Peer 1: 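Following this message is one structure expressed as structure tokens.
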Amino acid sequence: MNADYILIIYFTLISKRRKVKRTELAARAGVSTRTVSRCIDALTLAGVPVYSETGAEGGYYIPDDYVLSKAAFSAEEKARIINCIHAAKDSFQDDLCARILDKFSGLSYADPDYAIKSDTLVIDAAGWNSPIASSHKFALLAKAVDEKTTVRMTYTDRYEYDSERLFDPYCLVLKGGLWYVYGWCHRRDDFRLFKIARIKDISFTPDTFTRRPSDVYAKLRGDFSRDDLVRFTIEFDNLILPEIEEWLGADSIEDCGNAYRATAELFGGNILVGKLLSFGSSVTVLSPEPLREELVTETKRMLNKYI
């Protein structure tokens with residue numbers, strides 16, 4: 001009996017955490033149901049607690065309190081391997097990556113508060129003020145991604161315009177400290193990244209979808225419409241130098257003696273205007289002129305509310 005069959009069945013039972021039919025295990029391992037029975041016997045003899053139940057809802061299962069030892073990999077090694085596999089899996093035409101991820105999912109229980117958690121790398125899915133990990137939108141989108149379910153949502157764009165959309169969510173994305181969802185937008189008939197904070201009135205539809213070939217990594221590398229980006233230069237004093245370094249990066253900053261200057265290219269609109277206004281009189285926008293005019297207009301609107 002091939003040891004590979006036993007390992008495939010072993011890791012399938014660990015990763016599924018439910019009763020698995022013998023026919024499903026046979027299809028997964030590419031063997032007959034009789035071979036599955038022999039593999040189960042071998043696992044039992046090796047001390048693995050495999051149980052079975054008969055009936056329509058029955059099947060083989062490993063108890064929830066059984067966890068594969070993590071001694072083979074450190075937490076950092078596991079996190080790095082999983083990230084690399086996720087990044088590369090779309091480049092392969094077989095299901096090997098999926099099988100590897102199944103095996104790693106059995107190494108430990110997932111922590112619901114963290115996207116990745118190790119001693120040296122932590123990605124916390126929760127914000128300081130409103131924990132996104134427990135939010136309705138985040139949970140609904142995660143479920144829709146997993147079950148390949150089309151959602152209906154109302155989205156507010158950067159111009160504050162609301163539109164209703166049907167959307168096939170492919171994955172959740174954390175970039176620049178903000179959460180996005182990537183997938184196929186029926187309205188635009190194209191792939192889109194939507195900021196989760198701008199999604200409202202979201203709900204499941206009865207429809208499921210088949211994933212189309214896509215490359216979210218190309219989108220994240222900057223494959224955006226250049227019309228949405230604004231290249232700007234600001235001048236500021238040393239009192240807010242740490243804040244500007246955190247926002248734009250130290251490499252974008254130039255020491256001009258009496259003041260500092262920074263040049264960057266970011267998405268424009270209300271988000272950029274609001275960010276610049278948050279620095280008050282400590283920041284002066286030198287260019288471009290349209291951005292300066294937006295700031296003047298918004299400042300006048302604010303002033304009119306108090307006089």
Side-chain angles (χ1 to χ4, degrees), residues 1-119 121 125 133 139 142-149 169-172 204 208-211:
M1 183 166 49
N2 193 322
D4 289 343
Y5 303 152
I6 299 176
L7 286 174
I8 291 172
I9 291 171
Y10 176 49
F11 284 111
T12 298
L13 291 173
I14 290 175
S15 64
K16 295 298 184 184
R17 295 293 177 184
R18 59 173 173 80
K19 299 181 184 71
V20 184
K21 296 289 188 183
R22 185 162 54 173
T23 52
E24 182 180 343
L25 290 172
R28 186 86 172 188
V31 298
S32 67
T33 53
R34 290 184 61 185
T35 300
V36 169
S37 297
R38 293 198 295 269
C39 291
I40 296 296
D41 290 340
L43 288 171
T44 302
L45 288 172
V48 179
V50 182
Y51 295 90
S52 66
E53 290 185 9
T54 58
E57 302 299 324
Y60 294 105
Y61 68 96
I62 293 177
D64 289 343
D65 58 359
Y66 177 84
V67 181
L68 181 63
S69 171
K70 296 182 286 185
F73 296 97
S74 69
E76 293 79 14
E77 290 170 339
K78 180 187 171 188
R80 178 67 60 84
I81 293 171
I82 290 175
N83 283 339
C84 291
I85 292 172
H86 275 300
K89 66 180 181 179
D90 288 339
S91 300
F92 300 95
Q93 301 302 313
D94 54 34
D95 62 350
L96 179 60
C97 288
R99 297 205 304 271
I100 295 172
L101 290 171
D102 274 352
K103 293 179 180 181
F104 273 101
S105 69
L107 289 176
S108 63
Y109 289 112
D111 188 322
D113 294 330
Y114 295 90
I116 296 174
K117 182 180 180 182
S118 72
D119 292 338
L121 174 64
K143 184 176 176 64
V145 169
D146 185 54
E147 298 180 354
K148 298 182 177 65
T149 301
Y170 281 33
C171 61
L172 301 174
F204 291 115
T208 57
F209 62 87
T210 301
R211 292 175 66 100

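Here, residue 1 is the first one in the sequence, and each next residue gets the next number. Since this is a predicted model, take the numbers as computed values, not measurements.
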Peer 1: Pick one: which of Thr35, Asp41, Leu43 meets side chain to side chain contact (heavy atoms under 4.5 Å, CB included) with Ile6?
Peer 2: Leu43
Peer 1: For Ile40, run the side chain to side chain contact (heavy atoms under 4.5 Å, CB included) check against Tyr51, Tyr10, Tyr60 and tell me which one passes.
Peer 2: Tyr60
Peer 1: Identify the two heavy atoms, one from Phe204 and one from Ala144, that lie closest to each other, and give their separation to 0.1 Å.
Peer 2: CE2-CB, 3.8 Å
Peer 1: Does a side chain donor of either Ser37 or Arg34 reach within less than 3.5 Å of an acceptor in the other side chain?
Peer 2: no
Peer 1: Should Glu57 and Lys19 count as side-chain neighbours, where that means a heavy-atom distance under 4.5 Å?
Peer 2: no
Peer 1: Does some side-chain heavy atom of Leu13 sit less than 4.5 Å from a side-chain heavy atom of Leu25?
Peer 2: yes
Peer 1: Determine the minimum heavy-atom distance between Pro63 and Pro49, stating which atoms define it.
Peer 2: CD-O, 3.1 Å
Peer 1: Can you tell me if Lys143 has over 12 outside heavy atoms packed within less than 6.0 Å of its NZ?
Peer 2: no
Peer 1: Work out which heavy atom in Ser52 is nearest to a heavy atom in Tyr61; give both atom names and the distance.
Peer 2: N-CE2, 4.3 Å
Peer 1: Quick one: closest heavy-atom pair of Arg22 and Thr33, and the distance?
Peer 2: CD-O, 3.4 Å
Peer 1: If you compare all heavy atoms of Cys171 against all heavy atoms of Val145, which two are closest, and at what distance to 0.1 Å?
Peer 2: N-CG2, 4.0 Å
